[in-house]
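Structure first, commentary second.
Bear in mind the structure is a predicted one, so any value in this text is a computation, not a measurement.
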Amino acid sequence: MRQIPGLSMRLVRENKVVFDADLGFADLDSKTPLTNKNLFRIGCLTKPVAALAILMLEREGKLDLTDAVQKYIPEIGNVPGIFDGREIKIEHLLSHSAGVARGDYSSEIVSEEIKINRIAETPLCFAPGEQYKYSNWGYFLVGRIIAKASGMSPFAYIKKAILSPLKMSATFLHDEFTDGLNDIATGYWKKWHFGDADLSQKSCVSPWYPLDDCSGGLISNGDDFAKFLAALNTGKNAGGEMVFDSGIRERLFTLRMSKTRSKFSCYGFFGQAYEDGNLIYFPASNSGFSAFLFCFPSEQIGGIAFANHLTCNNELKEMLALTLDAFYPDENKCHLKRSKQTLTGTYLSQTGRSLSLFTDDQGNSTMEFEGEKNALYPNTVKSYFQSGGRLRRNMLRTTKKNGMVNTVEIGAELFRNADLHQNIERKVFIGWNSIVGIYNFAPFGNLEVLVREGQVYLNFGVIYECRLKHIGQTTFRQLSGPFRYEDITFQIDPENNRAVSFTLNGMLFKRIKDFDT
């Protein structure tokens, strides 16, 4: 489990907080203890609040979820020709099923007009209502709809309709927050978050990437957001007054677009279906902060955890699961716990190298490779950090087949399970040597362009890895991940025929060194 500077956690049953904890430090350098007064950038947990605001506006008769987005934001228009004029509806935005791209993730601050133009000019990832893909741009548009329908700024309406009735006096939208700046905890990250998985590296202060709207702009603390969680359970504020009725709660928690047999998007949340009830949850990360929210609507139980470190959502989920089990062991809500993979086996690459993985009875995993033995630390269910060794800079990633780990990927090399692949053809790898390497955009960090079995990948370390489709001489299209369908073109130095940089979402990544497996 990664080190977390500060942790704020609340467990709520019905309308009461049954457990609260504020642990660790608000600032590591000064050793300032974290208290219940410290504020966190809660990032994408803004989205459930914005979704609730839309449902409140619908209840007031000011909009309908089946309305076309173009009714409120005519500049968006339709994508011509591709989808037979099908309209994006408000309900599509709420459930991430509009096909709108994920959107900008950089240090650049642009006007609303520029952002709307970018959205309008970017092709949809799929036809509205066809599937779901997480989208910050989609919830930026939700904020514009709130403003148009209410005649107020998004935050002013959210404050009037939700925050004030729930007595949430310590929750603000970033661009309207002026008081109490000293109460914001310092956000941290490790720079290996993008491409350098060195667990011994000290956490440093995280740069701030602005998500200052309804996609991720709220600031709050544990005490205040526990009031929102209690209202999700009951619809009431701490005084017992009804703020929103069961009909709105039911619409928020309805499972809508399916990604797998059990995983769904909801309005503002994600959900998983189980025989004994649904789990509603939402992870969030933003500029040195992480959060995780869950609730079991049928039991009126929920929890929230904030931390001032980036990408520790899984750790927060695990700690909430342990806390829930300690308070309500008989209710067996094991769905919140993260399933563990058994990695034990021998894996072979086509270049003749082999590695061995072991998982003990406690779920701890290790890797043996060319005389080195290193512990593995889970990042997600399918990816791991290494504690040391020559390859510790690379994330270890896995795939499954028929319930078994099928492949292990480390950097540019693919290892196959020897039990599933008896005859692995050995071959000398020939790659795209002109573009393979490590690239850097200072505010964002490092990323890798690598080649595995003749396929080119763009590797953002913790964030994601996607395959690139070759569509031009030096141009590639991303086939998955947050920036899916957005092309990148490499700039080539004619002196040595090697790439020196490429541009992605307005960010110029410069090649800093060759990639060495």
Side-chain angles (χ1 to χ4, degrees), residues 41-54 69 72-73 75-76 88 90-126 128 131-147 154-155 158 173-175 187 193-194 206-219 257 259 265-270 282-293 310-311 313 443-444 460 462-464 466 478 480-486 504-507:
R41 300 187 194 278
I42 66 172
C44 295
L45 271 182
T46 305
K47 292 178 174 69
V49 180
L52 174 59
I54 287 285
V69 172
Y72 303 89
I73 314 173
E75 310 95 289
I76 292 296
I88 299 174
I90 297 174
E91 62 184 358
H92 293 145
L93 295 180
L94 295 186
S95 59
H96 297 282
S97 60
V100 177
R102 186 185 184 100
D104 293 337
Y105 189 79
S106 72
S107 58
E108 181 184 21
I109 299 177
V110 299
S111 68
E112 289 186 0
E113 181 182 3
I114 290 175
K115 188 173 289 190
I116 288 174
N117 287 338
R118 286 182 180 177
I119 298 171
E121 294 168 359
T122 303
L124 297 182
C125 298
F126 48 81
Q131 53 182 287
Y132 80 77
K133 174 183 171 63
Y134 188 79
S135 176
N136 287 321
W137 270 354
Y139 268 79
F140 164 76
L141 297 178
V142 166
R144 296 303 90 216
I145 293 169
I146 292 172
F155 178 71
I158 287 171
L173 196 66
H174 177 269
D175 60 358
H193 175 67
F194 298 105
S206 174
W208 175 58
Y209 300 111
L211 283 173
D212 55 358
D213 50 45
C214 284
S215 65
L218 282 181
I219 295 170
M257 296 301 301
K259 190 169 187 177
S265 67
C266 308
Y267 290 161
F269 296 94
F270 298 110
F282 204 89
S285 296
N286 178 247
S287 299
F289 296 86
S290 296
F292 194 92
L293 175 149
L310 192 63
T311 68
N313 316 97
F444 193 82
F460 278 75
V462 172
I463 289 295
Y464 78 101
C466 73
Q478 300 175 75
S480 61
F483 303 120
R484 185 182 181 189
Y485 297 116
E486 296 175 21
L504 171 64
N505 271 75
M507 299 176 284

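Under the side-chain contact (heavy atoms from CB on, under 4.5 Å) criterion, S97 pairs with H92, S95, Y132, M257, sequence neighbours left out. Remark: T46 pairs with I42, L218 by the side-chain contact (heavy atoms from CB on, under 4.5 Å) rule, at least two apart or across chains. For Y72, there are no ring-ring contact (aromatic ring centres under 6.0 Å, His included) partners two or more places apart in sequence or in a different chain.
R41 and F289 get closest at one heavy-atom pair: O-CB, 3.2 Å. Minimum interatomic distance between S287 and S206 (heavy atoms only, all atoms of both residues): C-OG, 3.4 Å. The two residues R144 and P154 make their nearest non-hydrogen contact at NH2-CG, 3.4 Å. Contact between A291 and N313 at its shortest, heavy atoms only, is O-ND2, 3.3 Å.
With C214 as the fixed residue, the side-chain contact (heavy atoms from CB on, under 4.5 Å) test singles out one of L141, I54, I158: I158.
At distances below 3.5 Å, at least one donor-acceptor pair connects side-chain atoms of Y139 with backbone N or O atoms of G268.
For the atom pair S285 OG and L310 CG, the distance stands at 5.0 Å (nearest 0.5 Å). Considering CZ of F270 and CG of L293, their distance stands at 12.5 Å, rounded to 0.5 Å. A distance of 15.5 Å separates NE2 of H96 from CH2 of W137, quoted to the nearest 0.5 Å. In this structure, CG in D213 is found 8.0 Å from CD in E112, a value given to the nearest 0.5 Å. Of the inter-residue distances, the one linking F269 atom CZ with L94 atom CG reads 11.5 Å to the nearest 0.5 angstrom. Atom-to-atom distance recorded for N286:CG and N136:CG is 9.0 Å, nearest 0.5 angstrom.
With a 6.0 Å cutoff to the six-membered ring centre and a 45° limit on the axis angle, K133 does not count as a cation-pi contact of F126.
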### Task
Any chance you could lay out the side chain to side chain contact (heavy atoms under 4.5 Å, CB included) test for L93 and I145, step after step, and finish with the verdict?
CA-CA 11 Å; L93 295 180; I145 293 169; 3.8 Å; yes

